Amino acid sequence: MNFKSIGIASDHAARDLKSLIVDYVKLHDIRVIDFGIGSDTNKSVDYPDYAAAVAREVSDGKLEAGIAVCGTGIGMSIACNKFPGVRATVVWDDYSARMSREHNNSNLLCLGARTLNHHRAIDLVKIWLETRFSGERHQNRLDKIREIEKKNFKPH
Ligand code: RB5
């Protein structure tokens, strides 16, 4: 497994999938920090609040990686990628899960609870956790993304 500790967050649309992922990740001796949404609430929430909670920790280097789930994974990925150093990737099949690590060195996995069968989603978590970044020319490309981030970050 690539990571020793992982933060996990979801909105209301992905509460059940988040629970499955938390159970799966814990089984593999990975420390899990759960940023909600809690399983005891049925209220509708705003996914950016939960995305920010986990992505901030990854961006600050307090957590190695994160997983963020919502209806499609898309909103979570948009919000998480606003944080410097975060490479949040929506994946939908084995190939995209593998490539997100091998080529993109994804440090934040985004999944759609309404677009994926939940057992398939766990397969994708497994691939993402097990696949290593291949480095070399791909590191060069990630360095360019970091440069874009630095040049375009406008503090408010
Ligand atoms: C919530 O209804 C839904 O919009 C959210 O879970 C997510 O899919 C957004 O990208």
Side-chain angles (χ1 to χ4, degrees), residues 2-3 5-28 30-131 133 141-142 145-146 148-149 152-156:
N2 288 312
F3 312 110
S5 60
I6 276 188
I8 301 191
S10 81
D11 70 356
H12 55 284
R15 182 191 295 108
D16 295 344
L17 178 56
K18 176 169 72 66
S19 297
L20 280 181
I21 297 173
V22 167
D23 291 346
Y24 177 80
V25 172
K26 279 184 178 166
L27 270 179
H28 292 82
I30 297 169
R31 191 170 70 101
V32 176
I33 315 294
D34 189 339
F35 292 93
I37 185 175
S39 52
D40 53 342
T41 170
N42 280 323
K43 66 178 179 184
S44 176
V45 297
D46 299 329
Y47 61 81
D49 297 336
Y50 293 83
V54 63
R56 184 175 293 115
E57 298 287 300
V58 175
S59 181
D60 290 348
K62 292 182 183 152
L63 281 174
E64 282 179 278
I67 299 178
V69 282
C70 61
T72 58
I74 295 170
M76 284 293 196
S77 71
I78 294 171
C80 290
N81 278 319
K82 300 298 177 193
F83 286 80
V86 169
R87 291 176 299 278
T89 53
V90 185
V91 313
W92 56 93
D93 61 8
D94 291 12
Y95 185 73
S96 58
R98 188 157 60 80
M99 285 300 115
S100 76
R101 289 283 315 138
E102 256 183 52
H103 287 193
N104 311 116
N105 200 12
S106 167
N107 56 10
L108 213 151
L109 173 66
C110 298
L111 295 166
R114 291 174 176 164
T115 57
L116 288 168
N117 171 292
H118 289 188
H119 297 293
R120 283 289 299 135
I122 297 297
D123 290 342
L124 303 185
V125 170
K126 180 178 192 295
I127 292 169
W128 186 80
L129 287 172
E130 290 178 347
T131 306
F133 176 49
R141 291 161 188 171
L142 296 185
I145 292 175
R146 193 80 174 113
I148 291 171
E149 207 170 56
N152 292 283
F153 179 68
K154 296 179 182 71
H156 295 289

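The structure presented is a predicted model; accordingly, all values stated were derived computationally and were not measured. Hydrogens, waters and symmetry mates are skipped; everything else that's a heavy atom, side chains included, is used. First listed ligand is number 1; within each ligand, the first listed atom is number 1. Index from 1, following the sequence.
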* Which residues share a side chain to side chain donor-acceptor pair (under 3.5 Å) with K82, sequence neighbours left out -> none
Can you list every pair where an N/O of ligand 1 is under 3.5 Å from an N/O on the protein?
| from | atom 1 | to | atom 2 | distance (Å) |
| --- | --- | --- | --- | --- |
| ligand 1 | 2 (O) | R114 | NH1 | 3.3 |
| ligand 1 | 6 (O) | D11 | OD2 | 2.6 |
| ligand 1 | 6 (O) | G71 | N | 2.7 |
| ligand 1 | 8 (O) | G71 | N | 3.1 |
| ligand 1 | 8 (O) | T72 | N | 3.1 |
| ligand 1 | 8 (O) | T72 | OG1 | 3.4 |
| ligand 1 | 10 (O) | T72 | OG1 | 3.4 |
| ligand 1 | 10 (O) | G75 | N | 2.9 |

* Any chance you could measure K126, atom NZ, to D94, atom CG, to the nearest 0.5 Å? => 10.0 Å
* Under 3.5 Å side-chain donor-acceptor pair for S96 and D93 -> yes
* Give a yes or no answer on whether the side chain of T131 reaches the backbone of W128 with a donor-acceptor pair at less than 3.5 Å. => no
* Do you know which of L63, I6, V86, N2 makes side chain to side chain contact (heavy atoms under 4.5 Å, CB included) with N107? -> V86
* Structure fact -> side chain to side chain contact (heavy atoms under 4.5 Å, CB included) test vs I67 passes for just one of V32, L108, I21, namely I21
